[in-house]
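Lettering of chains follows the sequences in order, A, B, ..., and the numbering in each one begins at 1. Heavy atoms only: backbone and side chains are in, while hydrogens, waters and symmetry mates are out.
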Number of protein chains: 4
Amino acid sequence: MPTNSKKTTANPAHGRRRELLATAAEVFATQGYNATTVRRIADEAGLLAGSLYYHFDSKESMLDEILSGFLDELWTGYDAVLDAGLGPRETIEALVTESFREIDRHRAAVAIYQKESRHLVTQPRFGYLVDSQRKFEKAWLGTLERGVADGSFRADLDIRLAYRFVRDTVWVAASWYRPGGTHSPEEIARQYLSMVLDGIAGREPAA
Amino acid sequence: MPTNSKKTTANPAHGRRRELLATAAEVFATQGYNATTVRRIADEAGLLAGSLYYHFDSKESMLDEILSGFLDELWTGYDAVLDAGLGPRETIEALVTESFREIDRHRAAVAIYQKESRHLVTQPRFGYLVDSQRKFEKAWLGTLERGVADGSFRADLDIRLAYRFVRDTVWVAASWYRPGGTHSPEEIARQYLSMVLDGIAGREPAA
Amino acid sequence: MPTNSKKTTANPAHGRRRELLATAAEVFATQGYNATTVRRIADEAGLLAGSLYYHFDSKESMLDEILSGFLDELWTGYDAVLDAGLGPRETIEALVTESFREIDRHRAAVAIYQKESRHLVTQPRFGYLVDSQRKFEKAWLGTLERGVADGSFRADLDIRLAYRFVRDTVWVAASWYRPGGTHSPEEIARQYLSMVLDGIAGREPAA
Amino acid sequence: MPTNSKKTTANPAHGRRRELLATAAEVFATQGYNATTVRRIADEAGLLAGSLYYHFDSKESMLDEILSGFLDELWTGYDAVLDAGLGPRETIEALVTESFREIDRHRAAVAIYQKESRHLVTQPRFGYLVDSQRKFEKAWLGTLERGVADGSFRADLDIRLAYRFVRDTVWVAASWYRPGGTHSPEEIARQYLSMVLDGIAGREPAA
DNA sequence: TATGAATGAGAGTTCATTCAT
DNA sequence: GATGAATGAACTCTCATTCAT
């Protein structure tokens, strides 16, 4: 028996789990959770449907592991930003950049989250989604409010509307983003920030 | 002769169909198409599952009718805007406003479209979704290009990115919009346009 | 109000019934009883499925009326032959000829009978099918036995086998017979009788 | 080492399929394909309806496998006869004998074929039925024609009528034949051939 | 670890039948 | 006589899950 079995990559068993979860996430993202059969995941992974149950309790537990894994990493990044003591504008910039990085690394999980979270939040098992949403909203709303207060952001904003605007604008990108494309996540973040912060209108309006 | 005989309710047969489609759309939007059972729709409509098949060929044909009905109305509005000979900026403003009006009138259909269109486009039956998407892209991209050319929009925009930005930004609103709320569609459109066109940053950056 | 309404064709109501039964018989024969939907019959007859229930109690009662109507006419013809006091060979000839006449007049009913009688006989409602079969077997077997006894038929016949041979040979013709073709029923009967009685082999065997 | 390892039971997976197909064939033959529920087959086989779908794609694919399996074996036998270079009369004798052997081995499949082929031929999936029918007709008609030409068969025959006569006469036997009865297939074939070739009439007509 | 076979609940759909109008 | 709408039972089929091997 291995002595350091708690490490992630060191454990071959964990390696297999990850592979299977990655496969499952890809299929969930493409077809939707409900429309995905356990058989399809197994096919894609090269084993039989029943064999997946050696690794996971249920289809739902795969989904759970995918989403919670993603959220854990997301909050590691977000918390680092929020704890850095940046100004409102720089915080928004950092959060948006971090978000695109997460989309880059967890595209499938993000896509699943977008499609499925609305009805998952009603299930006790996925209570952490509600917690995450609340924390998320608090972080963004708070930053926007601070920014309006100190003049970083326009005073005439409907804050809740602006929050939804920025939030959706960023995350929906997961629906079309393909890792390894021409733009790096940071590059996309920069362009998005440019549009969100300064708008798309020309400085000198057309005659 | 009645003065209001041109209204939809004049045809009782079509009235029932509409009611049932509205019910189905609501459930599809809430639970997702795949996760929605025909029995659930029937329950909600107050009849038995089998009875729905007197009115519709299949669950899929309900979805079809909902989406095509929505797109028909959408394009009536869009075409009116596109044929009006407006400048690029005014066109974008009119399209965004029209979009929020459609979200107001077809909230469920829009939500369904957002969630399901990605895999529906692969089915021949829903080929019109592809057509619509192409036409949609052409209208928005073209307007943005014209606007960059005449200085209405910033010259340094990545046009495709800007297109996705505006497109998603508007339509995702269907996921949280509730008709009859405090903001009218036109009011929301105005605020969105303000953010999209001029950004959320303050004019005088914070010290 | 008509004074002689008890006659068959005189009563317009009966006329409608007959039309509908003829339509139903045609569809039953083509598709099989089970595979035929009441809606299909109604379509073919130019009314709605529910409306058939003004004329008939049930789908099964249509089948019943078709089969019993056919058997009534069949036995009128058969009884006339059997009561005519003919010799065995002439009796067989007359029965076969009469059978082809019935196939000509009741093709659909005969086809239905062939396909469905086997499982219908188990239902009490169709008990008359069993009676008819018994009477049928008695008539044919008896005639064959008489014929063997008086030398009309070969002495080395397995009578039961010969009975099945003649019976099937005749009635299966309903599966390909089309009224109004080049051969009259009497002509077909003559050719069949020639084969059944004298065989298809050449008189002088080929070297 | 087992001496009979070449038998079908050597492959356990195929063994189960065969069992299930045999059960299905029996029920289809008895009740008719349409009237047979998948549940009934499952009951008869001792498992649940859904479990059948582990082995077969659909009810229709069971039917398909039953019929194509039967036709494959039938044509193996027929082709051997047709390739043997026999004279017309001997060919007919061999084909009839082979047919009764097939009825003996595939009674259920033959009965199903008789009842269902007429509407199955319209479905593309069962196109091979049409092919088989054409080949069948060609083989029998050709043999009869050759026989008329060389005097083996009567010159005054309507060939098509004779073809149908022989064809039906043989295959309808599947509707009453029960394997393991008093007559072997070869014995029945001999008696049938005697009737078909030489007729049932006595040599010396009754005075 | 993985397979092959089965389970059982529930899905979408069909259809004979009913009945108020 | 016929329609339009609905019923309710049954059907074929799907699928997450289990378990002996």
Which pair of heavy atoms, one from C/S132 and one from C/L71, lies closest together, and at what distance?
OG-CD2, 3.7 Å

Nearest-Å distance, CD1 (A/I41) to P (F/dA16)?
8 Å

Does D/L52 or B/D57 map to a spot on DNA chain E nearer the 5' end, using the closest nucleotide for each?
D/L52

Of D/G50 and C/L20, whose nearest nucleotide on DNA chain F comes first from the 5' end?
C/L20

Rounded distance in Å - CZ (D/R16) to P (E/dA5):
9 Å

Examine A/K115 relative to A/F28 and say whether NZ or CZ is less than 6.0 Å from the centre of the six-membered ring and inside a 45° cone about the ring axis.
no

Provide the Watson-Crick or G-U wobble partner of F/dA16, both distances under 3.5 Å; none if there is no partner.
E/dT7

Mate of E/dT21 across any strand shown (Watson-Crick or G-U wobble, both atom pairs under 3.5 Å) is F/dA2

What is the distance from CG of A/L48 to P of F/dC19, rounded to the nearest Å?
18 Å

Of E/dT17, E/dG4, F/dT12, the nucleotide closest to the side chain of D/Y54 is E/dG4

Residue met sooner reading DNA chain F from 5', once B/G46 and D/S58 are mapped to nucleotides:
B/G46

Please tell me which of the listed nucleotides, F/dA16, E/dA11, E/dA2, lies nearest to the side chain of A/L47?
E/dA2

Could you state the CD-C1' distance from B/Q31 to E/dG12, rounded to the nearest angstrom?
16 Å

Evaluate the criterion side-chain contact (heavy atoms from CB on, under 4.5 Å) for residue pair D/S61 and D/R125; output intermediate values, then yes/no.
CA-CA 9 Å; D/S61 81; D/R125 167 170 207 167; 3.1 Å; yes

Expressed in angstrom and rounded to an integer, what is the separation of A/Y53 atom OH from F/dA20 atom C1'?
18 Å

Greater than 12 external heavy atoms within 6.0 Å of A/R39's CZ
no

Closest to the B/H55 side chain: E/dT14, E/dT17, F/dA6?
F/dA6

Whole Å only: how far is the CD atom of A/E60 from the P atom of F/dC15?
18 Å

Within the structure shown, what part of the strands sits under 4.0 Å from C/S61 by heavy-atom distance: base, sugar-phosphate, or nothing?
nothing

Take the protein atom CG of B/L63 and the nucleotide atom P of E/dG12, then report the distance between them rounded to whole Å.
13 Å

Integer-rounded Å distance: F/dG4 P and B/E19 CD:
18 Å

Position toward the 5' end of DNA chain E (nearest nucleotide), B/R39 or C/S51
B/R39

Where is the tightest heavy-atom contact between D/T23 and D/A45, given as atom of each residue plus distance?
CG2-N, 4.1 Å

